[in-house]
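If you're wondering where the values come from, they're calculated on a predicted model, not measured in any experiment.
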Amino acid sequence: MWFKNLRIYQFTQGYQLDKATLNEHMNTRLFSPCSSQEPSRLGWVSPVSPKQAPKQAISNEDIELVFTHDDYLLICAKKQEKVLPASVINEALEEKAAEISEAEGRPVRRKERQDLKDDIIMALLPKAFTRSSFQYAYIDRKQGHIVINAASANKAEELLTLLRESLGSLPVIPIASKQLPFQMMTQWVMEASKSGSTPQHFELGSECELSNPKETGSVIRAKHQDLASAEINNHLQAGMIISKLALNWMDGIEFVLDDQLAIKHLRFNDNIQEKADSYEAQTSEELFAIEFSVMTLELSSLIKQLINALGGINTEAQSVEEIVARVEKADSHQNDKSVDEVSFE
């Protein structure tokens with residue numbers, strides 16, 4: 001139970017979730033395997049035993065889909081996908097297109113090829129193998145965060161969409177800092193080059209990515225390098241910026257921060273692992289609980305101090321739900337005003 005990547009989302013309203021309410025709503029979106037014609041399916045499973053198939057018939061009793069420790073609620077989504085190699089589809093498509101061309105003496109046009117491809121996929125889906133993946137996230141009720149173990153924004157959004165469908169609404173946005181991450185990362189590296197100083201609680205790692213804001217695609221990746229060296233500083237003086245930066249937090253966690261405030265390649269050092277090992281777990285469930293407890297406490301402190309180093313949270317951003325509500329309110333107000341202004345002669 002150790003997250004490897006972090007996508008952090010901030011509740012934009014005083015949104016409170018308790019285990020019972022969350023569990024009740026998530027039970028409406030339980031995972032079940034793909035049907036013969038479905039390419040994929042996503043649903044909730046137990047975070048403690050995600051590979052165990054949920055029971056299909058239980059007497060009015062919800063399946064436990066939420067694991068709790070203090071102010072943290074852990075959830076897990078399972079995604080099952082049909083595996084259809086592109087080479088298999090393309091080979092079948094070419095064979096079918098060749099048959100039509102030979103029989104009718106004409107080329108197969110683009111629209112017809114796409115229709116053929118769709119038919120081939122539908123025919124192959126029932127025979128395809130399946131693969132499953134698990135997406136973990138936890139809700140930090142004290143800080144008002146949802147932290148998702150996802151390397152990409154698309155993967156994180158899949159889980160958020162499922163959670164939004166389960167709850168009815170979910171007023172969250174990607175967490176944003178008052179200072180832009182690329183500006184602060186660039187500043188940190190430049191200050192380290194000049195004076196050796198680094199942000200409080202953090203040290204520079206040995207990896208970064210520099211990009212030129214004026215030239216799309218102009219990127220320099222540095223690995224196993226002294227980031228405070230004159231070579232790196234020369235690139236910054238020439239106008240490049242830091243878009244990804246390896247950081248070490250309090251000798252406990254190593255990670256790479258990018259310009260979207262995503263945390264990747266998360267690695268917990270031995271001293272944190274030893275904290276979990278210092279407790280004697282009698283069962284796998286107890287070990288799971290211990291590791292989750294240690295991880296969330298450490299990550300909570302890391303996230304808080306990282307946001308502080310970036311100037312604090314930008315609280316002015318609004319979620320999709322808030323924007324829609326504001327637009328609807330404005331439209332309603334405008335309609336009322338229009339009615340008031342109508343005069344009859």
Leu163 and Ile146: side chain to side chain contact (heavy atoms under 4.5 Å, CB included), yes or no, with the steps? CA-CA 11 Å; Leu163 187 57; Ile146 296 181; 4.1 Å; yes

Hydrophobic clusters here meaning ILVMFWY residues chained together by side-chain heavy-atom distances under 4.5 Å, can you tell me if Leu287 and Met295 are in one? no

I would like to know whether Ser301 and Trp249 meet side chain to side chain contact (heavy atoms under 4.5 Å, CB included); could you show each step before the answer? CA-CA 10 Å; Ser301 296; Trp249 176 68; 3.7 Å; yes

Got a second to check how far Leu236's CG is from Asn233's CG, nearest 0.5 Å? 6.0 Å

Side-chain donor-acceptor pair under 3.5 Å between Asp118 and Gln114, yes or no? yes

Going by side chain to side chain donor-acceptor pair (under 3.5 Å), name the pairs with one or both residues in residues 170-189, residues two or more places apart or in two chains. Gln187-Glu191

For the residue pair Cys208 and Leu245, establish whether any side-chain heavy-atom pair is separated by less than 4.5 Å. yes

Do you know the tightest heavy-atom contact between Leu22 and Ile139? CD2-CD1, 4.0 Å

Is the closest side-chain heavy-atom distance between Trp44 and Asn23 below 4.5 Å? no

Where do Ser40 and Lys79 come nearest, in terms of heavy atoms and distance? CB-CE, 4.2 Å

Does a side chain donor of either Asn269 or Arg267 reach within less than 3.5 Å of an acceptor in the other side chain? yes

Under the side-chain contact (heavy atoms from CB on, under 4.5 Å) test, residues paired with Arg106 that sit two or more places apart: Ile100, Glu104, Glu112

Just grab all the side chain to side chain donor-acceptor pair (under 3.5 Å) pairs involving residues 130-149, residues at least two apart or on different chains. Gln10-His145

Flag side-chain contact, heavy atom, 4.5 Å: Met250 against Gln200: no

Side chains of Ile121 and Lys117: closer than 4.5 Å at any heavy-atom pair? yes

Leu6 CG to Leu266 CG distance, which is reported to the nearest 0.5 Å: 5.0 Å

Euclidean distance, Phe255 CZ relative to Phe268 CZ, rounded to 0.5 Å: 11.0 Å

Ser166 side chain vs Leu162 backbone, donor-acceptor pair below 3.5 Å: yes

Give the minimum heavy-atom separation between Val108 and Ala97, together with the two atoms involved. CG2-O, 3.6 Å

Shared ILVMFWY cluster between Met184 and Met190, side chains joined below 4.5 angstrom? yes

Validation row: Leu170, Phe11 side chains within 4.5 angstrom (heavy atoms): yes

Point-to-point distance, once rounded to the nearest 0.5 Å, from CZ of Phe182 to OG of Ser211: 8.5 Å

Quick check on the hydrophobic clustering: are Ile313 and Met185 connected, directly or via other members, by side-chain heavy-atom contacts under 4.5 Å? yes

Show the nearest heavy-atom pair for residues Ile148 and Ala156, with the distance to one decimal. CD1-O, 3.7 Å

Go through the steps for Leu310 and Leu261 under the test side chain to side chain contact (heavy atoms under 4.5 Å, CB included), then give the verdict. CA-CA 10 Å; Leu310 292 168; Leu261 244 180; 3.7 Å; yes

Measure the shortest side-chain to side-chain distance between Thr161 and Leu42 over non-hydrogen atoms and say whether it is less than 4.5 angstrom. no

Less than 4.5 Å apart, side chain to side chain, heavy atoms only: is that true for Glu254 and His265? no

Gap separating the CG atom of Leu116 from the NZ atom of Lys111, nearest 0.5 angstrom: 10.0 Å

Starting from Leu17, can I reach Val172 by hopping between I/L/V/M/F/W/Y residues whose side chains sit under 4.5 Å apart? yes

Between the side chain of Ser300 and the main-chain N/O of Leu297, is any donor-acceptor distance below 3.5 Å? no

Can you find a heavy atom in the side chain of Leu302 that is under 4.5 Å from one in the side chain of Phe202? yes

Assess the side chains of Glu209 and Ser243: does a donor N or O sit below 3.5 Å from an acceptor N or O? yes

Hydrophobic clustering (ILVMFWY, side-chain heavy atoms < 4.5 Å, transitive) - are Val219 and Val256 grouped together? no

Distance, nearest 0.5 Å, that separates CG of Asp119 from CG of Leu124: 11.0 Å

If you apply the rule side chain to side chain contact (heavy atoms under 4.5 Å, CB included), what do you find for Tyr279 with Ser293, and how did you get there? CA-CA 11 Å; Tyr279 299 92; Ser293 172; over 6 Å; no

Using every non-hydrogen atom in the two residues, find where Ser101 and Pro107 come nearest and quote the distance to one decimal. OG-CA, 4.0 Å

